[in-house]
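One structure is given below, encoded as structure tokens.
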Amino acid sequence: MAQLFPVAGAKIFIGPAVTTVPDDADLDATDFASVTWTEVKGWQTMGAIGDSATLISEDIIPSGRTLKAKGTRNAGSMQNSFIVLPNDVGQLALLAAENSPYNFPFKIEFDDTPPTGSDPSPTTKFFYGIVMSSQEQGGGANTARRLNGTVEINSAVITVAATTGA
């Protein structure tokens, strides 16, 4: 039977602004090793992350066919929502990042740490992104206020698989 990997229990973190993002070919988990991370609490909805290719197409008259190819890669717009926690340092960092032109490192830790091993760790994703929005949203009378934070991912997404350790 297939195993499910729920989003419940995952955490998202933001680091301090960076002035340059390493090229994808040079990017790996070690680029994020010295980052001081701040958890953004109240995470309610995780947006999509990961590459998709831009479609290149040209219509060819004699063959009556459109030729298609893959173009550049785009890691997407991660549209997240959080319940509003006015004093949360992570949400304050996200709000400050929206006011900044710089990229910020992000880390996502999933709740899939193996139950055994000498030093187990969860699946972790790392990437750089620009915080494009930090809009507050209401709803009905019985709805918590939400902070919607859109992150335009500006690098490859590095995935470090869960491990049991040595």
Side-chain angles (χ1 to χ4, degrees), residues 1-18 21-55 70-85 88-95 97-98 103-137 139 142-166:
M1 179 186 294
Q3 184 174 354
L4 297 176
F5 297 97
V7 176
K11 297 177 181 180
I12 188 168
F13 301 83
I14 188 171
V18 297
V21 172
D23 290 335
D24 282 1
D26 299 328
L27 189 64
D28 63 30
T30 62
D31 291 302
F32 301 91
S34 64
V35 173
T36 300
W37 296 106
T38 302
E39 182 180 358
V40 185
K41 295 188 177 170
W43 199 18
Q44 192 174 43
T45 304
M46 178 183 163
I49 61 173
D51 276 349
S52 64
T54 301
L55 175 65
K70 289 182 178 182
T72 57
R73 309 293 289 169
N74 184 333
S77 297
M78 186 181 191
Q79 299 175 345
N80 300 291
S81 64
F82 306 84
I83 58 169
V84 171
L85 300 172
D88 177 60
V89 294
Q91 287 190 14
L92 293 172
L94 192 70
L95 293 169
E98 191 277 327
N103 282 277
F104 290 78
F106 285 87
K107 174 174 78 167
I108 298 171
E109 287 182 352
F110 291 97
D111 188 22
D112 64 351
T113 304
T116 61
S118 61
D119 189 20
S121 63
T123 299
T124 305
K125 293 187 178 285
F126 298 102
F127 57 91
Y128 290 98
I130 301 170
V131 180
M132 298 299 289
S133 70
S134 59
Q135 300 171 320
E136 200 169 307
Q137 174 183 336
N142 294 315
T143 304
R145 290 178 11 226
R146 291 188 186 142
L147 171 63
N148 295 323
T150 300
V151 178
E152 287 292 335
I153 300 171
N154 214 10
S155 71
V157 177
I158 305 300
T159 301
V160 178
T163 181
T164 58

Run the side-chain hydrogen bond (donor to acceptor under 3.5 Å, both in side chains) test against [X] and tell me which residues pass, sequence neighbours left out.
{"X": "Glu152", "answer": "Ser77"}
{"X": "Asp31", "answer": "none"}
{"X": "Gln137", "answer": "Asn148"}
{"X": "Lys11", "answer": "none"}

Taking [X] for the side chain and [Y] for the main chain, is one N or O donor matched with an acceptor at less than 3.5 Å?
{"X": "Asp23", "Y": "Asp26", "answer": "no"}
{"X": "Glu109", "Y": "Thr124", "answer": "no"}
{"X": "Ser155", "Y": "Phe127", "answer": "no"}

* To do: Walk me through it: do Phe13 and Val40 pass the test side-chain contact (heavy atoms from CB on, under 4.5 Å)?
  => CA-CA 6 Å; Phe13 301 83; Val40 185; over 6 Å; no
Could I get the full list of side chain to side chain contact (heavy atoms under 4.5 Å, CB included) partners for [X], not counting sequence neighbours?
{"X": "Ala93", "answer": "Ile14"}
{"X": "Ala29", "answer": "Phe126, Ile158, Val160"}
{"X": "Asp111", "answer": "none"}
{"X": "Ser52", "answer": "none"}

Heavy-atom pair with the smallest gap, counting every atom of [X] and [Y]:
{"X": "Gln91", "Y": "Gly42", "result": "NE2-CA, 4.4 Å"}
{"X": "Val151", "Y": "Gly129", "result": "CG1-CA, 3.9 Å"}
{"X": "Ala162", "Y": "Thr123", "result": "N-OG1, 3.3 Å"}
{"X": "Val157", "Y": "Gly50", "result": "CG2-N, 4.2 Å"}
{"X": "Gly149", "Y": "Leu94", "result": "CA-CD2, 4.4 Å"}

With heavy-atom distances below 4.5 Å as the criterion, would you say the side chains of [X] and [Y] are in contact?
{"X": "Tyr128", "Y": "Val18", "result": "yes"}
{"X": "Ile83", "Y": "Arg145", "result": "no"}
{"X": "Phe106", "Y": "Ile108", "result": "no"}
{"X": "Ile130", "Y": "Glu98", "result": "no"}
{"X": "Val35", "Y": "Lys107", "result": "no"}

* Pairing residues for Phe104 by the ring-ring contact (aromatic ring centres under 6.0 Å, His included) criterion, not counting sequence neighbours -> none
* Please list all pairs passing the side-chain hydrogen bond (donor to acceptor under 3.5 Å, both in side chains) test where one or both residues lie in residues 36-45, with sequence neighbours left out. => Trp43-Asn80, Gln44-Arg146, Thr45-Ser81
* Is the number of heavy atoms from other residues, nucleotides or ligands within 6.0 Å of CZ (Arg73) greater than 12? -> yes
* **Results of salt bridge (charged side-chain N to carboxylate O under 4.0 Å, His left out) for Lys125 - residues two or more places apart only** => none
* Test salt bridge (charged side-chain N to carboxylate O under 4.0 Å, His left out) applied to Asp24 - qualifying residues, sequence neighbours left out -> none
* Structure fact -> From the list Thr163, Thr164, Thr113, side chain to side chain contact (heavy atoms under 4.5 Å, CB included) with Ser121 holds only for Thr163
* After noting the C-alpha distance and the side-chain angles of Ile153 and Ile49, does the key distance pass the side-chain contact (heavy atoms from CB on, under 4.5 Å) rule? -> CA-CA 8 Å; Ile153 300 171; Ile49 61 173; 3.2 Å; yes
* Report the distance from atom CG of Asp51 to atom NZ of Lys70, rounding to the nearest 0.5 Å. => 10.0 Å
